Amino acid sequence: MKMSPEARAASPNAGSAQRSSVIPRTRADIVTPALVLDLAALQGNVARMAAFFAEGPCRLRPHFKAHKTPEIARRQLAAGSCTGLTCATVGEAEIAAPFCDDLLIANEVVTAAKCARIAALARRIRVTTAVDSLAGLTELSRAAGDAGSRVGILIDLNVGQGRCGVEPGEAVVTLARQAAQSGSITLRGVMGYEGHLQPIRNRAERESRTRKAMSGLVNAASLIRDSGLPCEIVSAGGTGTYDISGRIEGITEIQAGSYALMDTDYADVGVPFEQAFWVLGTVVSRPARDRCVADCGHKSMTKDHSLPVVRGIEGAKVTSLNDEHATIALPPESTIAIGDRVELLPSHIDPTINLHDVFYVVEGEKVIDVWPIAARGYPEHRMPARLEEHS
Ligand SMILES: Cc1ncc(COP(=O)(O)O)c(C=O)c1O
């Protein structure tokens with residue numbers, strides 16, 4: 001079996017004499033609970049999204065936070081139509097920087113220590129960060145000045161999600177002006193994430209509300225330009241709205257992430273991507289004819305959007321997740337037995353993948369590679385040298 005150098009380094013058994021007996025060759029050999037990735041489905045999703053963005057002026061900036069896996073991000077970039085990657089955290093950006101030279105941190109970063117890390121990255125690659133306050137802007141400007149780099153910024157606009165972001169109107173221009181006047185900062189544009197609209201099941205409603213939200217973002221960009229300032233990037237979008245926001249005049253890039261691997265929540269939204277990963281578990285108990293229990297609880301997958309769905313077993317339904325148990329209701333005639341495998345499709349991709357160290361990559365029954373989820377958790381806490389540098 002082929003194993004990438006990164007995977008080898010991440011393997012708990014790397015270098016041990018037992019390695020060949022520990023690395024699985026087939027799905028049946030994978031120790032559970034584990035994340036399994038269907039390579040063909042991933043490639044199909046990545047190609048479909050790249051083809052959509054090859055058609056229009058708007059570009060794709062895949063969100064790394066969805067999977068935190070360099071091997072997947074490399075494939076997304078190689079498929080084309082991308083301006084770079086989106087990250088949610090500085091730690092993700094540090095993991096992505098060796099293979100991507102244009103990163104957007106689509107999130108507010110305000111502490112001196114984190115701004116210093118962004119400024120250090122900006123000496124090597126192009127880094128752009130969302131900003132919604134003078135406090136954040138000032139800290140970034142100071143850090144970039146100290147590092148001798150330039151950090152790009154996008155003014156983050158609240159387009160209705162009610163999370164971060166300045167309110168539409170004069171506040172956008174005020175902050176843009178302050179950015180343009182800040183040393184070591186380059187004003188690149190605006191972003192507005194319509195996260196509250198992604199899960200709307202009804203396509204007509206999703207479309208009309210997205211158009212309204214995006215007109216606010218495009219207006220904000222016009223206000224900035226009308227005041228004589230640059231606004232080259234107008235960034236928005238996710239997997240539920242990529243084909244709406246991504247075709248609106250004036251939106252220049254889309255931050256979709258979940259499309260690469262999908263989850264059952266997005267499957268209900270009706271987007272044209274396949275489920276490409278699942279949590280593999282083993283049945284550890286069949287205490288009743290109508291019930292079995294597997295070893296994959298909510299320490300191996302999230303249940304924040306709903307319970308997972310059982311793949312490929314007619315009539316089976318997860319009824320609860322505990323720390324290390326998935327309880328599954330079965331039709332009484334089910335022959336499922338202790339030791340059998342179950343495949344559970346998570347309802348929410350990002351927090352599920354974040355719980356695991358690696359993906360077992362499969363083609364049919366064969367395990368063809370092991371990919372480290374290198375940016376899982378908060379990687380800076382695994383880099384003591386870097387912490388010392390900034391203490
Ligand atoms: C700021 C931002 N942009 C884009 C996305 C990508 O969305 P999705 O994974 O739904 O495609 C998210 C997801 O939460 C987000 O928070």
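Scope of the values below: all heavy atoms of this structure, side chains included, with no hydrogens, waters or symmetry mates. Numbering of ligands and ligand atoms starts at 1, following listing order. The model shown is predicted, which means the values in this text are computed figures rather than measured ones. We count residues from 1, following the sequence as given.
Every atom of ligand 1 is numbered from 1 in the order shown, and the set under 4.0 Å from a heavy atom of R163 is 1 (C), 16 (O). Under a 4.0 Å criterion applied to the non-hydrogen atoms of Y266, ligand 1 contributes the atoms 8 (P), 10 (O). Residue K65 approaches ligand 1 through these ligand atoms, each under 4.0 Å from one of its heavy atoms: 12 (C), 13 (C), 14 (O), 15 (C), 16 (O). Ligand-side atoms of ligand 1 in range of Q255: 1 (C), 2 (C), 3 (N), 4 (C), 5 (C), 6 (C), range being under 4.0 angstrom from any heavy atom. Shown in contact with T239 at under 4.0 Å from a heavy atom are these atoms of ligand 1, numbered in order with element: 8 (P), 10 (O), 11 (O). Heavy-atom proximity to G237, at under 4.0 Å, picks out these atoms of ligand 1: 4 (C). Within ligand 1, the atoms closer than 4.0 Å to a non-hydrogen atom of A256 are 11 (O), numbered from 1 in the order shown. Atoms of ligand 1 found under 4.0 Å from any heavy atom of G238, numbered from 1 in the order shown, are 7 (O), 11 (O).
Checking A88, G240, G195, S258 against atom 8 (P) of ligand 1, the nearest heavy atom belongs to S258.
At under 3.5 Å, not a single nitrogen or oxygen of Q198, backbone or side chain, sits near a nitrogen or oxygen of ligand 1. At a 3.5 angstrom cut-off on N or O pairs, G257 counts as close to ligand 1.
If you check the side chains of T32 and T282, you find a donor sitting under 3.5 Å from an acceptor. Residues E232 and T252 bring no donor and acceptor atom of their side chains to less than 3.5 Å of each other. R59 and T83 share no donor-acceptor pair across their side chains, judged by distance under 3.5 Å alone.
Residues L103 and A93 approach most closely at CD1-O, 3.4 Å, considering heavy atoms. A pairwise comparison of heavy atoms in V271 and G240 identifies CG1-CA, 4.3 Å as the closest pair. I224 approaches C231 most closely through the heavy-atom pair CG2-CB, 4.0 Å.
H348 and H305 have parallel rings, their planes meeting at less than 30° on a 0 to 90° scale where 60° marks the start of perpendicular.
In this structure, the protein non-hydrogen atom closest to atom 15 (C) of ligand 1 is Y193 CE2, 3.3 Å.
Residue-ligand proximity: H63 is placed with a non-hydrogen atom under 4.0 Å from ligand 1. Under a 4.0 angstrom heavy-atom cut-off, A130 registers as lying outside contact with ligand 1.
Salt bridge annotation for D29-K366: absent, with no cationic side-chain nitrogen under 4.0 angstrom from a carboxylate oxygen. Electrostatic pairing of R163 and D132 does not count as a salt bridge here, judged by no charged N lying under 4.0 Å from a carboxylate O.
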